[in-house]
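What follows is one structure encoded as structure tokens, with my remarks underneath.
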2 protein chains.
Amino acid sequence: MQMVRRVMGFIRDQSAGYLANHMARLFARELQARIKPLGLSIGTFPALLVLWEGDGLTQRELIERLDIEQPTMANTLARMERDGLVVRRKDAADGRVQRIWLTAAARALEAAATAAADEVNDRALAVLSPGERASFVDAMCRIIAALQTGVPDDAAGRSP
Amino acid sequence: MQMVRRVMGFIRDQSAGYLANHMARLFARELQARIKPLGLSIGTFPALLVLWEGDGLTQRELIERLDIEQPTMANTLARMERDGLVVRRKDAADGRVQRIWLTAAARALEAAATAAADEVNDRALAVLSPGERASFVDAMCRIIAALQTGVPDDAAGRSP
DNA sequence: ACCATTTGCATAGCCAGCAATGCAATGTTA
DNA sequence: TAACATTGCATTGCTGGCTATGCAAATGGT
């Protein structure tokens with residue numbers, strides 16, 4: 001029968017949403033510092049992870065794997081093309097789609113970049129025991145799944 | 001004796017940093033949907049939480065409490081002033097500092113806004129048991145502390 | 001065959017975060 | 001007290017996230 005509403009004020013330092021934002025910013029700062037020497041920035045990282053597994057994907061396939069909105073991905077790909085990480089080529093069969101191909105330069109960065117990400121994760125998770133790490137990652141996965149589902153068209157004032 | 005380096009590739013869906021970023025984006029999407037009807041956006045939220053506890057703070061005091069860089073806060077405060085949430089007044093004793101004061105409009109939003117944030121947190125954490133919730137929040141706090149400490153000037157190539 | 005719909009991507013414009021820099025007000029020190 | 005250092009904030013310019021919108025290519029229904 002827990003007291004959901006506290007009498008006085010919202011406790012910022014115990015709010016999951018606030019902590020999630022803060023933690024994500026710190027992860028980003030840390031990764032950015034480590035991949036900047038490689039000429040990479042954090043926004044390109046998720047796209048590269050997918051493309052290193054296999055390129056020639058369409059923009060739509062990328063955004064489905066990454067849960068990123070389409071204009072964000074279009075913008076990111078434009079920067080990646082500008083920076084010589086990918087090239088976009090028209091699909092022969094469908095005139096609408098642009099298939100994304102890694103450049104040799106991008107392929108060459110895989111080992112160093114993933115090593116940098118491993119280092120950041122290791123540094124962050126070092127404060128947890130191995131068991132805690134597993135349940136922490138599992139909890140994030142479950143929360144992500146929970147926040148992705150539902151809210152088909154609700155939750156934002158349905159009647160004027 | 002765990003294998004820290006996997007033989008083939010980086011597993012995105014088990015990377016703490018990737019999951020933290022994804023989770024934070026989902027929290028933000030959800031909160032944004034709920035506070036948009038109030039005329040608020042997520043960037044102002046942390047500042048408001050601090051100011052609702054007591055205003056008249058300087059910009060520097062705000063950024064220390066929130067771990068936000070100074071130009072980000074200056075920009076956020078400019079939007080908040082534009083939107084009638086705060087006013088900035090020069091400190092009498094020190095000609096450099098601007099003290100931040102909430103408007104009546106901003107004060108009036110506290111209950112509705114914190115209720116919205118509570119709803120988001122409750123929805124996200126509903127997939128965890130009470131015990132899991134506590135350890136999850138604790139883990140985030142510990143990781144935040146770990147990523148904040150150290151790295152005084154290191155980790156990004158110390159010699160040219 | 002035609003028109004409407006759907007699909008894939010690009011663009012515009014905003015918010016939020018950052019580093020780098022500028023500058024005025026205050027402190028400090030020789 | 002004059003020169004220097006520090007502090008507090010603003011500005012510039014970038015990345016990265018979003019919504020809203022536009023548009024061309026493909027698809028479907030009739």
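By convention in this document, chain letters (A, B, ...) are assigned in the order of the sequence lines, proteins followed by strands, and residues within each chain are numbered from 1. All values reported here derive from a predicted model rather than from experimental measurement.
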Using a 3.5 Å distance criterion without hydrogens, assess whether the side chain of [X] forms a donor-acceptor pair with backbone atoms of [Y].
{"X": "A:Asp55", "Y": "A:Leu102", "value": "yes"}
{"X": "B:Thr103", "Y": "B:Gly84", "value": "yes"}
{"X": "A:Arg133", "Y": "A:Leu128", "value": "yes"}
{"X": "B:Arg25", "Y": "A:Asp67", "value": "yes"}

| note | Of A:Ile68 and A:Gly95, the one whose closest nucleotide on DNA chain D sits nearer the 5' end is A:Ile68
| message | Below 4.0 angstrom, which residues in residues 15-27 of chain B have at least one non-hydrogen atom near DNA chain C? | response | none
To the nearest angstrom, how far is [X] atom [atom1] from [N] atom [atom2]?
{"X": "B:Ile35", "N": "D:dC18", "atom1": "CD1", "atom2": "P", "answer": "16 Å"}
{"X": "A:Met73", "N": "D:dT19", "atom1": "CE", "atom2": "P", "answer": "14 Å"}
{"X": "A:Glu69", "N": "D:dT21", "atom1": "CD", "atom2": "C1'", "answer": "14 Å"}
{"X": "A:Leu40", "N": "C:dC18", "atom1": "CG", "atom2": "C1'", "answer": "17 Å"}
{"X": "B:Asp94", "N": "C:dA25", "atom1": "CG", "atom2": "C1'", "answer": "7 Å"}
{"X": "B:Leu57", "N": "D:dG8", "atom1": "CG", "atom2": "C1'", "answer": "15 Å"}
{"X": "B:Arg29", "N": "D:dG17", "atom1": "CZ", "atom2": "P", "answer": "10 Å"}
{"X": "A:Leu31", "N": "C:dG17", "atom1": "CG", "atom2": "P", "answer": "18 Å"}

| request: In plain terms, say whether A:Glu30 and A:Arg34 are close enough for a salt bridge, that is, a side-chain N and a carboxylate O under 4.0 Å apart. | output: yes
| When you check the side-chain N and O atoms of B:Gln70 and B:Gln59, is any donor under 3.5 Å from an acceptor? | yes
| request: Could you tell me whether the side chains of A:Asp91 and A:Gln98 share a donor-acceptor contact shorter than 3.5 Å? | output: no
| Is the number of heavy atoms from other residues, nucleotides or ligands under 6.0 Å of B:Arg89 CZ greater than 12? | no
| Are more than 12 heavy atoms from other residues, nucleotides or ligands located less than 6.0 Å from atom CZ of A:Arg60? | no
| request: Indicate for each nucleotide in nucleotides 9-15 of chain C, in 5' to 3' sequence, whether protein heavy atoms under 4.0 Å reach the base (B), only the sugar-phosphate (S), or nothing (-). | output: BBB---S
